[in-house]
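Hydrogens, waters and symmetry mates are skipped; everything else that's a heavy atom, side chains included, is used.
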Amino acid sequence: MSSDDREAQEDELLALASIYDEDEFKRAESAQGGETRICLELPQDFKIFVSGNSADSLQSRGFEHTVCFLPPLVLNFELPPDYPSASPPVFTLSGKWLSQAQLSALCRHLDNLWEENRGSVVLFAWTQFLKEETLNYLNISSPYELKMCQQGNTQGRTPLVPLGAEKDC
C-alpha cells in the first residue's frame, strides 16, 4: 500500500465520519472499510402500492399508503490496499424493497462512477448518488408497487406498513 493511498483512504473515512452521523456511517474496526446506511430523499406524498398473489383477499386486492421513508439502502465496502490509485472499493449493496435487477443496475452505475473518477476517492459520490438519484435512475415514481410473495421457495417481501395501519407523515 502506498503512503498516498493510505492517506487518501484515511482522509476519506474521516470525512465520511464527520459528514454523516453514527446511524448513517460506521467504520469497520478491523479493516479499511465500513457500512453506509442511505435513506433516500422521497418526494412529498410518496405512495406505495402493496399487491400480492396470496389467497388472502385483502392482499390480493392490495393497498396503498403514503410513506415518509423507505428502509435504507445499505452499502458495505472494503478498501483494497491500492485504492484509490488503481482499484475501486469492494462493495455490496442491499435494499429490502428493491428487486435484484434494480440493485444490479445501481451496482453497475457505482462501477461506472468509479471508472469516471478512477484514481480519486468515490465513496462520498456513491453515497450522494444513492441518496439523491436512486428514484430517478430506476424510474421509480409514486405510487411505487411492491409485490408480496407467498412464503416458500420464492423471495418474500413484507409490507412496509402493517395492514390496516394508517400513519400520517
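Between atom CD of residue Gln102 and atom CG of residue Asn139 there is a gap of 10.0 Å, rounded to the nearest 0.5 Å. Taking CG of Leu130 as the reference point, atom CG of Leu93 lies at 6.0 Å (rounded to 0.5 Å). Considering CD of Gln9 and OG of Ser2, their distance stands at 8.5 Å, rounded to 0.5 Å. Separation of atoms NZ (Lys96) and CG (Leu98) is listed at 12.0 Å; rounding is to 0.5 Å. The CG atom of Asp82 lies 6.5 Å from the CG atom of Asp5; values are rounded to the nearest 0.5 Å.
Using a distance-only test at 3.5 Å, with no hydrogens or angles considered, no donor-acceptor pair links the side chain of Arg37 to the main chain of Leu73. Gln32 places no side-chain N or O within 3.5 Å of a backbone atom of Leu13 that could act as its donor or acceptor partner. A donor-acceptor contact shorter than 3.5 Å is absent between the side chain of Thr134 and the backbone of Lys131. Using a distance-only test at 3.5 Å, with no hydrogens or angles considered, a donor-acceptor pair links the side chain of Glu24 to the main chain of Asp21. Glu145 contributes no side-chain N or O that, together with a main-chain N or O of Val50, makes up a donor-acceptor pair within less than 3.5 Å. For the pair Glu132 (side chain) and Phe129 (backbone), a donor-acceptor distance under 3.5 Å is absent. Side-chain atoms of Ser142 come within 3.5 Å of backbone atoms of Lys47 as a donor-acceptor pair (strictly under, hydrogens ignored).
Here the closest non-hydrogen pair linking Pro43 and Leu135 is CD-CD1, 3.9 Å. The minimum heavy-atom distance linking Val121 with Ala8 is given by the pair CG1-O, 4.0 Å. Closest heavy-atom contact between Phe124 and Glu12: N-OE2, 4.0 Å. Contact record, Leu113 with Ala125: CD1-O, 4.5 Å, taken as the closest heavy-atom pair.
Put simply, the side chain of Leu110 does not reach to within 4.5 Å of the side chain of Phe77, judged on heavy atoms. Side-chain contact between Glu35 and Arg27 is absent, with no heavy atoms from C-beta onward closer than 4.5 Å. For the pair Val74/Ser94, a side-chain contact is recorded, criterion being any heavy-atom separation below 4.5 Å from C-beta on. Contact of the Thr127 side chain with the Phe25 side chain is not registered, since no non-hydrogen atoms from C-beta on lie closer than 4.5 Å. Side-chain contact between Cys39 and Pro72 is present, with at least one heavy-atom pair separated by less than 4.5 Å. Proximity of Trp114 to Asp111: side-chain heavy atoms (C-beta onward) are nowhere separated by under 4.5 Å. Taking 4.5 Å as the limit, some side-chain heavy atom of Ile48 sits within range of a side-chain heavy atom of Phe46. Residues Leu123 and Leu79 are in side-chain contact: their nearest non-hydrogen atoms beyond the backbone lie under 4.5 Å apart.
Residue Leu14 is not grouped with residue Leu16 when hydrophobic side chains (ILVMFWY) are merged at heavy-atom distances under 4.5 angstrom, including chains of intermediate members. There is no path of hydrophobic side-chain contacts, each under 4.5 Å, that joins Phe49 to Ile140.
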_For a side chain to side chain contact (heavy atoms under 4.5 Å, CB included) check, start with the C-alpha distance between Val90 and Tyr83, then their side-chain angles and the critical distance, and finish with the verdict._
CA-CA 10 Å; Val90 176; Tyr83 168 82; over 6 Å; no

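Checking Thr66 against Asp45 by side-chain atom types alone, no donor-acceptor pair falls below 3.5 Å.
Around atom CD of Gln44, no more than 12 heavy atoms belonging to other residues, nucleotides or ligands sit under 6.0 Å away.
Phe91 has its ring centre less than 6.0 Å from the ring centre of Trp126.
By the 30° and 60° cut-offs, the orientation of the rings of Tyr144 relative to Trp97 is perpendicular.
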